[in-house]
Structures are given as structure tokens and as C-alpha cells.
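What follows is a set of notes on a single structure, which appears directly below.
Hydrogens, waters and symmetry mates play no part in the numbers below; they use all other heavy atoms, side chains included. Whatever order the structure lists them in is the order used to number ligands and atoms, beginning at 1. Just so we're clear, the structure is a prediction, and the values are computed from it rather than from any experiment.
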Amino acid sequence: MMKDRIYSDLYSRIEAILEGETDQIANMANTASLIHEAFGFWWTGFYIVRGNQLVLGPFQGPVACTRIPFGKGVCGTAWQKKETVVVPDVEKFPGHIACSSLSRSEIVVPISSPDGDVKGVLDIDSKELSTFDETDRLWLEKIVGLLWY
Ligand code: SME
């Protein structure tokens, strides 16, 4: 399947670019860029846990909300549940935080440290409905696994 091949190539490129670099901000920045360019998503970026909020981290795309409370929006929900949240239609997700009215579907993948603490989330938004499926979930979870140790 086409998407699988793009992800497989993307994973190798991210693995290579992160090799030898331990700075997490630098690594999140390049990861956001590579994912964004590979698929042409609307917004691709990271929110980082700071106390009881998520704070905007490295991203590609239009200006976004800077702070998201624990349990709020799709990002805060993924953090609270410690699991990936796939939203086929953001208008049907109660409490969705609309940073951009053009965003129609999204996926949020939590990033955990080896001891299971959520350190941040990867958030990807699409201008089309139902962009993300099980293939995206599996590969993006694998990709964020490269980011925190
Ligand atoms: N839609 C997100 C907010 C972040 S922006 O999409 C970049 C949410 O509800 O968590």
C-alpha cells in the first residue's frame, strides 16, 4: 500500500537524521518537517508537557494555540488517556480546540518516556475529513518512539 511505503521511507529518514543528536527540540523540529513534507499535511507539530499544560513546540504550518490544559481538546485528551486519538471529523469531537477553521480531521499521538510518563504529543491536522487511519496510527507511534529516551 502506497501510504505504508511513504511511512517506511519516512521512518528511515527520521531515524537517520536523529542519529547522533540528543537535543529533543532539534529532533522534534526535524521530525515535524520530514512528516509535514512527506504528506503535505495542513499542520504538523509538537506540544510539550509543562506542568499541567501542553505548550506549543516545534511545528510546521500556520500559527497555532500556545497552551492546552490537561484533558482539553484532542491533544489534552490523548495526554490524559495516554493513547493515540484519531478524529475523522473535528466538528464531531466534543471540546475540540480549533486553532484553524480549515482543519477537518486530526491525529494526536502521545510521546512517553521509558517509565510511561507522557512528555508531549505529536499533533497532525488535515484539511480533509477522515485523513488518518490505523496505518497512520501504527507508523506515527513508531516514529514518536524514536524521540524520547
Ligand atoms: N486541534 C487541537 C489543538 C491544536 S491545533 O490543532 C494545532 C486540539 O483540539 O487539541
Closer than 4.0 angstrom: is that true for some heavy atom of Phe93 and an atom of ligand 1? no

Verify side-chain contact (heavy atoms from CB on, under 4.5 Å) between Leu140 and Val144, making sure each step is shown before the conclusion. CA-CA 6 Å; Leu140 294 169; Val144 304; 5.5 Å; no

Counting both backbone and side chain atoms, is some N or O of Glu106 under 3.5 Å from an N or O of ligand 1? yes

Spatial distance of atom CZ (Arg13) from atom CG (Asp9) [nearest 0.5 Å]: 6.0 Å

Would you say Lys72 has any N or O atom under 3.5 Å from an N or O of ligand 1, going by distance alone? no

What protein heavy atom sits nearest atom 6 (O) of ligand 1, and how far off is it? Asp125 OD2, 2.6 Å

Looking only at protein heavy atoms, what sits closest to atom 3 (C) of ligand 1 is Ile97 O, 3.5 Å

Compute the shortest N/O to N/O distance between Ile68 and ligand 1 and return yes if it is under 3.5 Å, no if not. no

To check your reading of the model: name the closest protein heavy atom to atom 10 (O) of ligand 1, its residue, and the distance in Å. Cys75 N, 2.7 Å

Would you mind listing which atoms of ligand 1 come within a distance below 4.0 Å of any non-hydrogen atom of Tyr47? 4 (C), 7 (C)

Tabulate below the donor-acceptor pairs under 3.5 Å that side-chain atoms of residues 28-45 make, not counting sequence neighbours, or state none.
unit_1 : atom_1 : unit_2 : atom_2 : d
Thr31  : OG1    : Asn27  : O      : 2.7
His36  : ND1    : Thr44  : OG1    : 2.7
His36  : NE2    : Phe41  : O      : 3.4
Trp42  : NE1    : Ser100 : OG     : 3.1
Trp43  : NE1    : Pro62  : O      : 2.9

Considering the heavy atoms of Trp43, write down every atom of ligand 1 situated less than 4.0 Å from one of them. 7 (C)

Any nitrogen or oxygen of Gly73 lying under 3.5 Å from a nitrogen or oxygen in ligand 1? Just yes or no. no

Checking heavy atoms under 4.0 Å, the part of Phe59 that sits near ligand 1 is neither

Just need the protein heavy atom nearest to atom 8 (C) of ligand 1, so name the residue and atom and give the distance. Val74 N, 3.3 Å

Flag if over 12 foreign heavy atoms under 6.0 Å of NZ, Lys72: no

Going by distance only, is there an N or O of Cys99 that falls short of 3.5 Å from an N or O of ligand 1? no

Under 3.5 Å, side chain of Ser126 to main-chain N/O of Thr131, donor-acceptor pair present? no

Does the pair Asp136/Lys3 count as a salt bridge with the N-to-O cut at 4.0 Å? yes

Which residue holds the protein heavy atom closest to atom 4 (C) of ligand 1, what is that atom called, and what is the gap in Å? Asp123 OD2, 3.2 Å

Are any side-chain N or O atoms of Ser105 and backbone N or O atoms of Glu128, one a donor and one an acceptor, separated by less than 3.5 Å? yes

Walk me through whether Thr84 and Glu141 qualify under side chain to side chain donor-acceptor pair (under 3.5 Å). CA-CA 8 Å; Thr84 299; Glu141 287 179 355; 2.5 Å; yes

In this structure, would Val86 and Leu122 fall into the same cluster of hydrophobic residues linked by side-chain contacts under 4.5 Å? yes

